[in-house]
Enquirer: 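For reference, the structure I am asking about is given below.
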2 protein chains.
Amino acid sequence: MITITDVAKHAGLSRATVSRVINNRPYVSEEKKKLVRNAMDKLGYYPNSSAQRLRNQKTNIIGVLVPRLTNPFFINIIEGIEKIAAESGLQLLICQTKSDKQKELNYFTLLRTKQVDGIILTSLENDWEQFSPYVDYGPVILCNEYYENATVPMIRLNQYEGSYIGARHLIDRGHRKIGYCGGGSTSGLSKDRKRGLKKALEEAGLSLNPNWIFHKRYSIEDGRELMKEITAMEDRPTAIFTNSDEVAAGIIKESKELGLKVPDDLAVIGFDNQPIAELIEPRLTTIDQPSEEIGEKAMETMVAVLNQQKIDTNLKGLNLKLIVRDST
Amino acid sequence: MITITDVAKHAGLSRATVSRVINNRPYVSEEKKKLVRNAMDKLGYYPNSSAQRLRNQKTNIIGVLVPRLTNPFFINIIEGIEKIAAESGLQLLICQTKSDKQKELNYFTLLRTKQVDGIILTSLENDWEQFSPYVDYGPVILCNEYYENATVPMIRLNQYEGSYIGARHLIDRGHRKIGYCGGGSTSGLSKDRKRGLKKALEEAGLSLNPNWIFHKRYSIEDGRELMKEITAMEDRPTAIFTNSDEVAAGIIKESKELGLKVPDDLAVIGFDNQPIAELIEPRLTTIDQPSEEIGEKAMETMVAVLNQQKIDTNLKGLNLKLIVRDST
DNA sequence: ACGATTTCTGAAAACGATTACAATTATGAT
DNA sequence: ATCATAATTGTAATCGTTTTCAGAAATCGT
């Protein structure tokens, strides 16, 4: 392997001078700069990043925790994060938690072993109390998800509002028996979605039937299973409010297979406005989230924190929007 | 930050002994082991991985190059890769090339700066000649994609065969005017898919109309655009063979919007058997690929190469399978 | 009991970069 | 011409590990 020492020797200079050239430090004469550059080119030198990281005590890598890569919503967030990361010369270490509590927590050793300079969380399985001991070891930022009591920057949308407008839409369409399929975790997002729904129901003089609350459903397959469960009930909801377009798509698909009409027999509303929402028939009514934008904002915040600048987590202009299509 | 020196001091021993305990080296008495473990626990010590990497001259990270994370096919491959990586204590650095030649090439500096121990390529934009200079800097493995003349391990399926059976299916359904939408790169996969189609056509006394060959279409949106182009033609194909389910889905969606019936007015066959293939209507006829399995095999091969064991890239039992649904 | 192994432990030298500091030379002001 | 200041370069320490080497202690075989 070619090291900085080789370059120095070849250029007839010291390592220090070579290092200055690499890092665009001042106080190097043009003449020597040229010598160094020639030597680097000739030898095909690339600095060893482990050595740089050890010496500089930073990695320029940010860990990004997502539940599963199969969910386009999180890919969009990553897209936004990556855009800003690239602009700032940072790399991403993308980590799948598979919605597993322990896995999620384990990724925090990345911070302790100095493999990453910071962590962005896009979903939450554990309670805030589990995370809080780790914030001493490097910046942690919540993107999309949030806690009420967390002490780290949170890039979040008004999920309460989003959920409320979705629920209102169902009520306006005349539904009185509305089911809910949500995460069921203790995160602010999860709670707020349920709260928004409840609020809309209350306003209409309705309440949430505990039999129609479903948790921990994420995939298309989960949606299909859920639909089978609903069909088996004697008292069924006429509309269902879901936490993701994938689950909603699964419900629609299975409904059709079971000979039920969407939205007449069952109205379905999704969340996220993924490509699949346009593709499936009937096209899915859903709640659009500016996912890429919150990813960008999260990474901008991370960059600010790393540079010890003051941060601004204000997200005005970014709203959840109801997209009415044919499934409601 | 707590270092190994702190632990050594706290335990009243040398750094060497602590290191031996960390790495399960022999020749440490039980007594001292306990002292070290206690000290590590008490101080909350985690080894600094930059230092370990510098010293050990390896990172235990493998770079995985994919075109775009939005394509579930590649996510499946990653899934397989990750499974084996986890078993072997390796981490993944996932890199999106966005199907950009330069970007793809740039990621090879990861190898030169020793940020990764090896690279797995799942798609190819450049010619093999562009890559070959880099193979000196660390193991490179091709997964899914391949070249005829490459000198690195290739985990590949018989795309020629897969393409052939797909084309045969269309011909058996009575189609004589068959269009092709493929990658159009110089990779073996791309060439073989075209070859397989041509072979089937020739056997039926047909040939591939150059007007009906389309390249560089990847997304649902690309599919929709493509469909508009086709509709604008005066002499249109009656069937189209695509390179991915996403493009195929876009074609189907747009067809319906344009008032065309699939498969009657236009038959469409996809590739990959993604979830979307089941969801869209008409359900998509497609060619299933054991994507997770080839990911696993690729990582197994990488592990073998890193350990200098002899490798076996045989993939028998893993085949491309035609899945007939309703779009043909 | 005595030499030959084997087990245990620490001192010190790596790994490849960056940087504080000192030494030297060049430039500028008077 | 002289002194103050700025620009240029190198020496050596440092980041936090692992490992070679050597020495000390324990164990073994006879």
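Order of the sequence lines fixes the chain letters, A, B, ..., with proteins taken first and strands second; residue numbering starts at 1 for each chain. This is a predicted model, so every value here is computed, not measured. We use all heavy atoms of the structure for the numbers below, so side chains are in, but hydrogens, waters and symmetry mates are not.
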Enquirer: Do Ser99(B) and Tyr218(B) have side chains that get closer than 4.5 Å, going by heavy atoms?
Expert: yes

Enquirer: Report yes or no: does Arg53(A) contribute a side-chain atom to a donor-acceptor pair with the main-chain N or O of Lys114(A) at less than 3.5 Å?
Expert: no

Enquirer: Looking only at the side chain of Ala16(A) (C-beta and beyond, no hydrogens), which of the listed nucleotides dT17(D), dG16(D), dT11(D) gets closest?
Expert: dT11(D)

Enquirer: Nearest whole angstrom, please: distance from the C1' of dG16(D) to the OH of Tyr45(B).
Expert: 7 Å

Enquirer: Salt bridge or not between Lys101(B) and Glu104(B)? Use side-chain N to carboxylate O under 4.0 Å.
Expert: no

Enquirer: In whole angstrom, what separates Asn23(B)'s CG from dG16(D)'s C1'?
Expert: 13 Å

Enquirer: Pick the nucleotide of DNA chain C nearest each of Met1(A) and Thr17(A); which residue has the one closer to the 5' end?
Expert: Met1(A)

Enquirer: Between atom CG in Asn24(B) and atom P in dT19(D), what is the gap in whole Å?
Expert: 13 Å

Enquirer: Let me know the distance between CD1 of Ile4(A) and C1' of dG10(D), rounded to the nearest Å.
Expert: 13 Å

Enquirer: Can you check the Lys34(A) NZ to dT8(D) P distance for me, whole Å?
Expert: 14 Å

Enquirer: Does some side-chain heavy atom of Asn60(B) sit less than 4.5 Å from a side-chain heavy atom of Leu90(B)?
Expert: yes

Enquirer: dG16(D) base to Arg53(B) side chain: any donor-acceptor pair below 3.5 Å?
Expert: no

Enquirer: Taking for each residue the nucleotide of DNA chain D bearing the nearest heavy atom, is the 5' side occupied by Arg15(A) or by Pro26(A)?
Expert: Pro26(A)

Enquirer: Scan Ser19(A) against the nucleic acid and name what it touches under 4.0 Å (heavy atoms): base, sugar-phosphate only, or nothing.
Expert: base

Enquirer: From the 5' end of DNA chain C to its 3' end, which nucleotides mark the outer limits of contact with chain B, defined by a 4.0 Å heavy-atom distance cut-off (strictly under)?
Expert: dT7(C) to dG16(C)

Enquirer: Would you mind reading off the distance between Arg55(A) atom CZ and dA13(D) atom C1', rounded to a whole angstrom?
Expert: 8 Å

Enquirer: Looking at dT17(D), I'd like to know if its phosphate oxygens (OP1 or OP2) sit under 4.0 Å from a side-chain N or O belonging to Ser49(B).
Expert: no

Enquirer: Starting from the C-alpha separation in whole Å, work towards a yes-or-no answer on side chain to side chain donor-acceptor pair (under 3.5 Å) for Gln289(B) and Gln159(B).
Expert: CA-CA 10 Å; Gln289(B) 306 199 72; Gln159(B) 301 289 343; 3.0 Å; yes

Enquirer: Measure from CZ on Arg20(B) to C1' on dT17(D) and round the result to the nearest Å.
Expert: 13 Å

Enquirer: If the threshold is 4.0 Å, N to carboxylate O, is there a salt bridge linking Glu300(B) and Lys83(B)?
Expert: no

Enquirer: Give a yes/no answer on whether the side chain of Gln52(B) brings an N or O atom under 4.0 Å of OP1 or OP2 in dT18(D).
Expert: yes

Enquirer: Is a side-chain N or O of Tyr107(A) found less than 3.5 angstrom from the main chain of Gln96(A), in a donor-acceptor match?
Expert: yes

Enquirer: Could you check how far CZ of Arg112(A) sits from P of dG16(D), rounded to whole Å?
Expert: 15 Å

